[in-house]
Amino acid sequence: MEPTISTLIELRDALRRGELTSVAATQAMLDRIVAIDNTIRSYLTVTDEMALEMAATADRRRAEGEDTPLLGVPVAVKDLLCLAGAPTTAGSKILENFISPYNAHAVDRLIEAGAVILGKTNTDEFAMGSSTESSAFFTTRNPWDTERVPGGSSGGSAAAVAAGLAYGALGTDTGGSVRQPASFCGLVGMRPTYGRISRWGVIAYASSLDQVGPMGQTAADTAALLSVIAGYDPRDSTSLDTPVPDYEAALTGDIRGLRVGVPHEFFIEGIDTEVEAAVRAAIEQIARLGAEIIEISIPHTRYGLPIYYLIASAEAGANLARYDGTRFGERVTGSDVIDTVERTRALFGPEVKRRIMLGSYALSAGYYDQYYGRALKARELIRENFRQAFETVDVIAAPTCPTTAFKIGERVDDPLTMYLNDMLTLPLNLSTGCGLSTPCGFDSKGLPIGLQLIGGPLQEATILNVAHAYEQTQPRRKPELALGDIA
Amino acid sequence: MSLTHTDVEKIAALSRLSLTKDELTHFGEQLSAILDYVAMLSELDLSDAALEDQTAEHHNVTRDDIVLPSLSREDALFNAAETRDGQFFIQSILEE
Amino acid sequence: MLQKYEPVIGLEIHAELMTQSKMFCGCRVVDSVEAEPNTAVCPVCLGMPGMLPVVNRRAVDFALLVALALNCEVQSNNIFARKNYFYPDLAKGYQISQYEFPIGLRGYLDITLSDGTIKRIGIRRVHMEEDTGKLTHLSDGSLVDFNRSGVALLEIVSDPDIRSGEEARAYAMRIRQILRYLRVNTGDMEKGVLRIEPNISIRPRGAEAFGTRVELKNLNSFRALADGTDFELDRQAALLDSGGRVIQETRGWHDARRETFSQRSKEEAEDYRYFTDPDLPPLYIDEAWIESARIALPELPQAKEARYRDEFGLSDYEASVLAEDRAVAEWFDAAVAGKGAGASPKTLANWILNDLFRLMNERGRSIDTLPVTPAALVALLGQVEQGTINQTTAREVLAEMMDSGRDPSSIIESRGLAQISDEAALTSIIDTIIAGNPGPVANYLGGKENLLGWFVGQVMRETKGRANPAVVNELLRTRLERERM
């Protein structure tokens, strides 16, 4: 039951050497999903038939001498990315029965690279949340402690990879939704530079902030996924038309002379002392690898949260206006057209309603300047902070989250406390760089802690290499799944 | 910043959300708290912040005027709650 | 009412742009009246989850042409914004439009009123946006067709400079003519590709403050625009006179009843919550882009009219009819340019306005499908000038040219239509006629000199109209005088 191969790279190499078939690897994953995902609850939809077909195709192609970057590798996709012919729900009741007629660009890239899509993973509704607790369907469990959240919104993807239910996964990161669950689940998870990965077919939450991100057990796994999904797409006007480097080849492990900035504002009041200690220890380790550590300042860090919530909510309000029950999605029939639209939209969960309303208010006549307009201008300050920082350093190192995974139910109805969890990830989204979270030890409860590495625009290879170099110095641990009779 | 009941009703209407009385109260309190929190942005001096200054690195992204295939009507209507005669069907709406 | 109140009217004109594909997706732009519903739609224009817009560059080129033609200051910084409102025909729950940063600002258009005076109407702004879908209302519900959803749309907003239905009509007709000249819109109001909505209010003469305005819709002809506007002005004046007040609302024009009716009251202004669309990076229109549009800009109707009047000596009427349609005007221009030593512009204009138009009408031909080229008309008139054929024959030849597309000289030759100017041949015919008609000859000699025309007619009959009338005249006069001796 326990797969002997645990990383994506290991599996890919084994497939290449012909040590096993994709069908066998895929079937093992599907069996494991059947066995333990009723506890973890990472998948919303398991596309088993499609997966086995893809695996068989991959094996056939390999038998014919073909090879592609992810040929035969089973992966999972957050249910915010459209997969043609399969349900795509965005974790929402309103899209419960929506069948997408198209693939997201990133999904197309995975399929072209030969990957096998195992299914669609759980997400906070429309990616609005940090725990999967606002998924309309169920809450995903953290494989390290099933009483705790896996983080969010890409919590399903993180839990699936951490629990060995996929060799890698895609999430989306609007305010930290890849990095935070990666941190909570002990994975590498990246938010690439805005525009690096097409948003085509990715259900929009906040368009100026949304970005697809890969998650893997290691930096190399993450790099392999990124190499596949990155690249220009003319269907997304914000897509960057710049060459994609070979991210795996960039993992030299040599970080000598690299300038690593540590912003004191990221070690905020209220940060868990064990988290702080682990992150500082990791930074020391990076110094021992030959990097130069420099104290820096991102002075407007504390304004990131209010800026983020105003901008993201305003954009979300417009992005979610299309769910009116006319062309797709559920419809709740009311007394007239307007009543029907309003009742249909009442299917949104509380977190979504809250943000739509905040967004409507922030843009409304008489309040635009005070809220949305001000947030837009303040966003420029954060951007400027990062621009200046990257004049003196190559990489910024900081905690990913102020705490480790919290208990399910603990913060559900306290939006502000919940939001504070994203305090350290979202400044990057407001800026123009890239960032990742990589495991850097455990707290005394045995929960993973994440180190956040932030790079400037299109510096994905640099931060992946730092993560890789650091990773080589650390023991690897997998969750001892507290799964009762299954484990 | 404390939103009144009327404020919240107006925001809900603008957002086309039908909310229960309890929800109105509850969201009103939460939104008020969030607005209090985001008010910290007023501490910032933003007088120099330049927006729309034609410096966006990424600009003038356009496509050629080329026709691409559309969906089949069947696919276009596939996800609709109700259709009739090849069209999306909704309740009566006042002629505009 | 005009003594007491001042009408204040501004026009909002929506014009669909004649691009091949839609504004933000590759769906074909189809005739929304003819096409089967929902056959020119895709995930983008249906507003499906995760779909993204990409700007159609030709739509921007078209918008730029219009902005230049309407004398606007072209804005280098173009930002697309989301205009948020719910309506079942609006796929995304917002319309992509331009708000603070439109493509054109502060333009103007001169219109000619019926008394010949010229009035300048300010153009407040020209901006790009996307069209919505279309609703059809049934007894038990409504149908939504998204074929039109996402079609590139231009909104042209005038200043409130218009004072009457007649001015509104003159302004709108000019706009339509320019859009057609630029080949960016067919001008078909019945099909809704051009939609005109006046905002109408009145205020007591001398007052500063504007009155409450009413937006008028459903105007699908220029007559409806003029009549609807005048009706509304009278209605508002009567309301104020009777101590009532005008309420802010949208009113429709009932074409059959010739009156406006209330459609929707706008007690509160709609809150559109505009903000920059994060899916669309800014569009910077630089000098080079503007210059390339300027080069593509054709001579506009007003400039043509002025040239026809001032350089060619045409009447206002002739000039405006020739300039009305760009294809006709360009046909005329080509003829004038190729005329050489032949017909004058005035003669060409007469032939086009009288004969060519009549033949086109009779044969149901448009200028675009005309088998007669400008050069062929010039060649035909050259034959008249040279005396090879007369005017009457030329008309016949032109008709034949319309039917066969053959050039005039080959028609003249093959049908033997060339005029007989040969004096010897004509003299013998004349001799025969005089010998055979002693009565009329005697009467002529007795003083009825207007009988000369009768003799000319006889010669023409004998020659099947081919005799050169000038030569015949001269020969007849001389021959008849000789009879006196």
Side-chain angles (χ1 to χ4, degrees), chain A residues 97-101 195 234 237-240 300 302-303 305-307 309-310 317 321 324-331 333-346 348 350 353-354 356-362 364 370-371 373-381 413 415-416 419, chain B residues 1 3 7-8 10-20 23 26-28 30-31 33-53 57-64 68 71-72 74-83 88-94:
Chain A
N97 297 300
F98 176 68
I99 306 288
S100 170
S237 304
T238 62
S239 174
L240 296 174
H300 292 99
R302 63 184 292 258
Y303 298 101
L305 188 55
I307 297 168
Y309 275 97
L310 289 170
D324 60 3
T326 299
R327 284 143 292 120
F328 47 79
E330 299 305 299
R331 174 188 287 180
T333 303
S335 56
D336 58 31
V337 171
I338 303 289
D339 190 43
T340 293
V341 171
E342 293 188 342
R343 281 171 190 267
T344 295
R345 293 167 61 75
F348 287 136
K353 287 178 186 162
R354 213 155 32 224
I356 290 175
M357 288 171 72
L358 175 60
S360 292
Y361 188 67
S364 62
Q370 187 183 347
Y371 293 110
R374 190 179 288 272
L376 274 189
K377 288 180 180 167
R379 180 179 185 172
E380 292 303 309
L381 297 180
D413 207 35
L416 272 176
Y419 296 173
Chain B
M1 177 86 215
L3 294 172
D7 290 336
V8 185
K10 259 172 75 178
I11 301 168
L14 209 50
S15 310
R16 284 279 188 261
L17 289 169
S18 137
L19 299 182
T20 63
E23 278 180 312
H26 195 56
F27 286 138
Q30 288 178 331
L31 287 172
I34 294 169
L35 290 173
D36 281 341
Y37 178 73
V38 301
M40 73 192 266
L41 292 183
S42 58
E43 296 164 12
L44 295 169
D45 175 13
L46 299 168
S47 48
D48 291 342
L51 288 174
E52 328 288 9
D53 54 358
E57 218 173 288
H58 201 65
H59 62 267
N60 290 23
V61 181
T62 59
R63 46 175 263 275
D64 295 335
L68 298 174
L71 286 176
S72 69
E74 193 189 357
D75 283 349
L77 300 173
F78 180 81
N79 279 291
E82 202 176 349
T83 63
F88 298 93
F89 187 76
I90 56 170
Q91 284 152 295
S92 289
I93 185 150
L94 262 175

State, with a plain yes or no, whether a side-chain heavy atom of A/Leu381 is found less than 4.5 Å away from one of B/Leu46. yes
CD (B/Glu23) and CZ (A/Arg354) are apart, to the nearest 0.5 Å, by 10.5 Å
When the 4.5 angstrom heavy-atom criterion is applied to B/Phe78 and chain A, the contacting part is side chain
The reported gap from NZ in A/Lys353 to CD in B/Gln30 (rounded to nearest 0.5 angstrom) is 12.0 Å
Comparing A/Asp336, A/Thr333, A/Leu240 against chain B, the one with the most heavy-atom pairs below 4.5 Å turns out to be A/Asp336
Whatever's closer than 4.5 Å to a heavy atom in chain B on A/Leu310 counts as side chain
Looking only at B/Ile90, B/Leu71, B/Val8, most heavy-atom pairs under 4.5 Å shared with chain A are made by B/Ile90
Interface check, chain A: of B/Val61, B/Asn79, B/Val38, most non-hydrogen pairs under 4.5 Å belong to B/Asn79
Ranking B/Ser15, B/Ala80, B/Ala39 by heavy-atom pairs under 4.5 Å to chain A gives rank one to B/Ser15
Nearest heavy-atom approach of A/Pro306 to B/Tyr37 is CD-CE2, 3.7 Å
CD1 of A/Ile356 to CD1 of B/Ile11, rounded to nearest 0.5 Å, is 13.0 Å
With chain B, the option among A/Glu330, A/Arg379, A/Arg374 that has the most non-hydrogen atom pairs under 4.5 Å is A/Arg374
Between the CD1 atom in A/Ile307 and the NZ atom in A/Lys377, the distance rounded to the nearest 0.5 Å is 13.0 Å
Under 3.5 Å donor-acceptor, A/Thr340 side chain and A/Gly334 backbone:
yes
Under 4.5 Å to a heavy atom of chain B? For A/Ala362 that would be neither
Under 4.5 Å to a heavy atom of chain A? For B/Leu77 that would be neither
*asked:* With a 4.5 Å cut-off on side-chain heavy atoms, are A/Met357 and B/Leu19 touching?
replied: yes
Whatever's closer than 4.5 Å to a heavy atom in chain B on A/Tyr309 counts as neither
Honestly, the part of B/Arg16 sitting under 4.5 Å from a heavy atom of chain A is both
Among A/Ser237, A/Gly195, A/Ala378, the residue with the most heavy-atom pairs under 4.5 Å to chain B is A/Ser237
Cut-off 4.5 Å, heavy atoms of chain B, and the answer for A/Asn97 is backbone
Value for CG (B/Leu31) from OH (A/Tyr361), rounded to nearest 0.5 Å, stands at 9.5 Å
Scored by heavy-atom pairs under 4.5 Å with chain B, the best of A/Gly325, A/Ser239, A/Gly359, A/Pro101 is A/Ser239
Checked A/Ala375, A/Ser360, A/Ala321 vs chain B; the most non-hydrogen pairs under 4.5 Å come from A/Ser360
CG of B/Leu3 to CZ of B/Phe27, rounded to nearest 0.5 Å, is 13.0 Å
Note: vs chain A, highest number of non-hydrogen pairs under 4.5 angstrom among B/Ala81, B/Ser42, B/Ser18 is B/Ser18
The interface call for A/Thr344 against chain B, heavy-atom contacts under 4.5 Å, is neither
Less than 4.5 Å apart, side chain to side chain, heavy atoms only: is that true for B/Leu35 and A/Tyr371? yes
